[in-house]
Amino acid sequence: MHTSQKQMRTSKWIVGIILTVGGFFMVLPFIWMLLSSLKTDAEIMRFPPTIWPQEITFANFKELFLAFNFAVYLKNTLIIVLCSFGGLILNAMAGYGFAKYNFKGKNILFYLVLATMMIPGQVTMIPVYLILNAMGLTNTMAGIVFPGLVGAFAIFLFRQFMSTISNELLEAARLDGASEWKIFWKIIMPVSRPVIAVQGILTFIGAWNSFLWPLIMANDEKYYTLSVGLQLLKGQYASNYALQMAGSTFMIIPIIIVFMIFQKYILQGFNVSGLK
């Protein structure tokens, strides 16, 4: 028994060391990007390269907003993010409807929603563009936002989670006189915090990194997003690596912060069974 425990402890140490080394090499490019964004372009081009900046400077980040149009790109990206979070509520409502209501054609409609997941976005991009163009929504923020408000995967995720919520709990609330709207906001949404956290992170990442659709829909630079601006930065300042590193850091840091904020809800959600 003692030998078995010793072997198990040794195996855990070996696995821990391997994961630590692997994690370090995975994080290393991000650390290099962050430190490089605080260097001057001359220091980045220096050989041998320096790991820690000899003189920390935030001039690269200032230049993104002063010499480049990153303030406008940031505003547009934040609008898309906020509207996408509004779409998160619509996805939750649809998932709740499929999970807890019985209506004619429910299963067929749900299968049709799932079928849209098998169609690549590039296939539907042109038809959606033509529809929005006929509605006069091209080169507008509304045309950029509307197609991404609702998604089949989000509806499926909410439906699967909300199916585990006890029907008796909802019936008890109805017997107490609670309206369907109140049940949704006071019972369903609080219980669904884990899946909201998961989908919230996915929604934020998708909206924050939105590139192709804004590039297609927007003819005016005032509607471009951060991802489009970063690509323009790469083209116009191809030789200024410090500025590119600053732009990339500005894109990635918010995603890491959002994940760190919501990760506790994700871990907490694995033990939630719908208050059965």
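Numbers for residues simply follow the sequence, beginning at 1. Side chains are part of it too, since the values below use all heavy atoms of this structure and drop only hydrogens, waters and symmetry mates.
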Should we say atom [atom1] of [X] is surrounded by more than 12 heavy atoms from elsewhere, each under 6.0 Å from it?
X: Ile108; atom1: CD1; value: no
X: Ile126; atom1: CD1; value: no
X: Phe146; atom1: CZ; value: no
X: Phe30; atom1: CZ; value: no
X: Lys182; atom1: NZ; value: no
X: Met45; atom1: CE; value: no

Begin from the C-alpha positions of Ile196 and Phe85 and carry the test side chain to side chain contact (heavy atoms under 4.5 Å, CB included) through to its verdict.
CA-CA 10 Å; Ile196 291 175; Phe85 280 126; over 6 Å; no
Working to the nearest 0.5 angstrom, can you tell me the gap between [X] [atom1] and [Y] [atom2]?
X: Ile187; Y: Met162; atom1: CD1; atom2: CE; result: 12.5 Å
X: Thr225; Y: Ile144; atom1: OG1; atom2: CD1; result: 7.5 Å
X: Ile253; Y: Ser37; atom1: CD1; atom2: OG; result: 8.0 Å
X: Asp220; Y: Asn139; atom1: CG; atom2: CG; result: 5.5 Å
X: Lys75; Y: Lys222; atom1: NZ; atom2: NZ; result: 8.5 Å

Hydrophobic cluster identity match, [X] and [Y], side-chain contacts under 4.5 Å:
X: Ile257; Y: Leu202; result: yes
X: Trp181; Y: Ile188; result: yes
X: Met33; Y: Phe25; result: no
X: Val72; Y: Phe250; result: no
X: Leu88; Y: Leu82; result: no

Closest contact, heavy atoms only, Val150 versus Ile155:
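Minimum heavy-atom contact is CG1-CD1, 3.6 Å.
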Would you name the heavy atoms of Leu233 and Gly247 that are closest together and state the gap between them?
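Leu233 and Gly247 have their closest heavy atoms at CD2-CA, 4.5 Å.
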Do side-chain atoms of [X] reach the backbone of [Y] as a donor and acceptor pair under 3.5 angstrom?
X: Ser210; Y: Ala207; answer: yes
X: Thr138; Y: Asn133; answer: no
X: Thr77; Y: Leu226; answer: yes
X: Trp208; Y: Val81; answer: no
X: Asn76; Y: Tyr224; answer: yes
X: Trp213; Y: Gly143; answer: yes
X: Glu43; Y: Gln54; answer: yes

Examine Phe103 together with Tyr101 and report whether their ring centres are nearer than 6.0 Å.
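Phe103 vs Tyr101: aromatic centres not under 6.0 Å.
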Pair Phe70 and Tyr73, ring centroids less than 6.0 Å apart:
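When the ring centroids of Phe70 and Tyr73 are compared, they turn out to be within the sub-6.0 Å range.
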Any chance you could lay out the side chain to side chain contact (heavy atoms under 4.5 Å, CB included) test for Ile201 and Ile205, step after step, and finish with the verdict?
CA-CA 6 Å; Ile201 291 177; Ile205 293 175; 3.8 Å; yes
Give me the one residue out of Glu171, Met189, Arg174 that meets side chain to side chain contact (heavy atoms under 4.5 Å, CB included) with Ile183.
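Among Glu171, Met189, Arg174, the one meeting side chain to side chain contact (heavy atoms under 4.5 Å, CB included) with Ile183 is Arg174.
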Partner set under side-chain hydrogen bond (donor to acceptor under 3.5 Å, both in side chains) for Asn167, not counting sequence neighbours:
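With sequence neighbours excluded, Asn167 shows a side-chain hydrogen bond (donor to acceptor under 3.5 Å, both in side chains) to Lys100, given in chain and number order.
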